[in-house]
Amino acid sequence: MRTLIKNGTVLSTTGAVTADVLVDGETIAAVTAPGLLAGQNAVFDTEFDAAGKYVMPGGIDAHTHMEMPFGGTFSADTFETGTRAAAWGGTTTIIDFAVQPKGSSLLSTLDTWHEKAEGDCAIDYGFHMIVSDVNDATLKEMESCVAAGVSSFKMFMAYPGVFYSTDGEILRAMNKAADIGGTIAMHAENGIAIDELVARAIAEGRSGPYQHGATRPPELEGEATSRAITLARVTGSPLYIVHLSAAQALSAVAEARDEGQNVFAETCPQYLYLSIDDLAKPDFEGAKYVASPPLREKHHQPDLWRGLRTNDLSVVSTDHCPFCFKDQKELGRGDFTKIPNGMPGVEHRIDLLHQGVLAGEISLARWVEACSTTPARMFGLYPRKGVIAPGADADIVIYDPAAEQTISAETHHMNVDYSAYEGMTVTGRCETVLSRGSVVVDRGTYHGRAGHGRFLERDLCQYLN
């Protein structure tokens, strides 16, 4: 199949240029001046006229949780429904988290996640490995994971008794990561202190969803982030802070980066647009917004936007971990500690970040960097992914920057019964989405299929000093 995308404004990390893009099979064959390819009397199987539209590399969501076990239930999106929803929103690659249960091995965990995803994904996918049980066997298996294309390892300073690792265990894993070139991704909240605050809230009868945020203050995210950075400095390990939500944590990351340390961070759209006020919504509606770290007070948002402009926040991912309000979030009625932690978002990341472009918070180039190119480089997928260039996979989004849409659970494609952005009107929409040259979405019609997506063996982080 030869596909011509003509007259579009091709976006990259260096700006925008009017150009035509030729796709041959699964890859991009050429990016040329407008009209050059058509003028050679070439024959194309499909043509898209992208005049007035952006042509951008498909999005890479580097933080999703499909079919993830949590609190006695599972996140509501399967790899089939979640990747379909991602495609509707212009994301053509996800990197999901394989969750090591305590007492199990990393490689058996990886096998389990391969079984979940294989044959079900509409777009390409990779894995990070969650390390929850640090021992000699686990550390040895980290080498095998890297060889199998899983080069990043998530650890938790939160959730004692479930995922939590001590500083000593983190130090051991970081030492191993430094030896093998892997990257440690860190959920940085002081879980020991948080548990004390939670116990006090429950004892005092404070049990509603708002208490989830009140018992996880931003200072404890800042402290844990600073401590993780110190451990990484001691070991020489690269460090990637996931879902950063607070100004205190951002300050610690910025300071480390200014000193030349290999520290990186992501934030998520919910921290840019939503706030702790949403947790206070009446009739238990606040449970819809329970995630960790929690939504913060609104005054953190300008700092996060500034962090995106300065690259102290390098990536925007979603932490997509949807639980339905009915029967799942409602498990926590009367006890906020039983509300499953997580929010849906994989479908709307690119559109929400486009609002930041329109508001002057970030440039078009930063939009593409944060949504696509930087995660490709951060997680060893570039230049196969994250760029419109000859030889790259033809993961391409034709984006209409003028189209208006209203986000709603009635129209979204995620397998969850509510939207965190219900009723929000945004400007911009993905018109056409190609995954490795195949049309997945086109002008409101889904053309994708389960099993099209392939597992991606990833190389090491490409930003290391």
Let me see the working for Thr138 and Asn135 under side chain to side chain donor-acceptor pair (under 3.5 Å), right down to the final yes or no.
CA-CA 5 Å; Thr138 293; Asn135 53 52; 3.2 Å; yes
Show the numbers, then the answer: is there a salt bridge (charged side-chain N to carboxylate O under 4.0 Å, His left out) between Glu169 and Arg172?
CA-CA 5 Å; Glu169 290 168 334; Arg172 292 187 71 192; over 6 Å; no
Can you confirm whether Thr81 sits close enough to Arg84 that some side-chain heavy atom of one is under 4.5 Å from a side-chain heavy atom of the other?
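SC-SC contact between Thr81 and Arg84 confirmed.
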Aromatic plane relationship, His412 with His348 - under 30° parallel, 30 to 60° tilted, over 60° perpendicular:
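Taking His412 first and then His348, their aromatic rings sit tilted (interplane angle of 30° to 60°).
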Hey, can you tell me if Phe284 and Phe325 have their rings parallel, tilted or perpendicular (30° and 60° cut-offs)?
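Plane angle between 30° and 60°, so tilted.
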Distance flag, aromatic centroids of [Y] and [X], threshold under 6.0 Å:
X	Y	value
Phe455	Phe127	yes
Tyr399	Trp367	yes
His63	His243	yes
Phe379	Tyr240	yes

Identify which one of Phe163, Tyr159, Tyr164 satisfies the ring-ring contact (aromatic ring centres under 6.0 Å, His included) criterion when paired with His187.
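It is Tyr159, the one option of Phe163, Tyr159, Tyr164 that forms the ring-ring contact (aromatic ring centres under 6.0 Å, His included) with His187.
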Answer yes when [X] and [Y] have at least one side-chain N-carboxylate O distance shorter than 4.0 Å, and no when they do not.
X	Y	value
Glu369	Arg366	yes
Lys385	Asp393	yes
Glu404	Arg429	no
Glu361	Arg306	no
Arg454	Asp124	no
Glu204	Arg200	yes
Arg296	Glu221	yes
Lys326	Glu330	no

Name the residue from Ile184, Val253, Thr267 that meets the side chain to side chain contact (heavy atoms under 4.5 Å, CB included) definition with Ile241.
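Exactly one candidate clears the test, Val253.
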Consider side chain to side chain contact (heavy atoms under 4.5 Å, CB included). Of Val433, Leu434, Asp442, Val440, which one does His447 pass it with?
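That would be Asp442.
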Side chain [X], main chain [Y], donor-acceptor under 3.5 Å:
X	Y	result
Lys154	Ala185	no
Arg436	His452	yes
Ser237	Ala177	no
Lys102	Ser132	yes

One pair to check against side chain to side chain donor-acceptor pair (under 3.5 Å): Ser292 and His212. What are the steps and the verdict?
CA-CA 9 Å; Ser292 296; His212 176 78; 3.3 Å; yes
Side chains of Lys281 and Tyr289: donor-acceptor distance under 3.5 Å anywhere?
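There is such a pair (donor and acceptor under 3.5 Å, judged by atom type) between the side chains of Lys281 and Tyr289.
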Would you please say whether a donor-acceptor pair under 3.5 Å links the side chains of Thr432 and Arg443?
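Checked: Thr432/Arg443 side chains show no N/O donor-acceptor pair below 3.5 Å.
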Would you check, one step at a time, whether the test side chain to side chain donor-acceptor pair (under 3.5 Å) holds for Arg309 with Ser363?
CA-CA 8 Å; Arg309 289 193 296 274; Ser363 66; over 6 Å; no
Just do the side chain to side chain donor-acceptor pair (under 3.5 Å) check on Asp335 and Ser207 with the steps written out, would you?
CA-CA 5 Å; Asp335 184 351; Ser207 60; over 6 Å; no
Test side-chain hydrogen bond (donor to acceptor under 3.5 Å, both in side chains) applied to His65 and Asp319, Asp96, Asp77, Asn341, the passing residue
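Single side-chain hydrogen bond (donor to acceptor under 3.5 Å, both in side chains) partner of His65 among Asp319, Asp96, Asp77, Asn341: Asp319.
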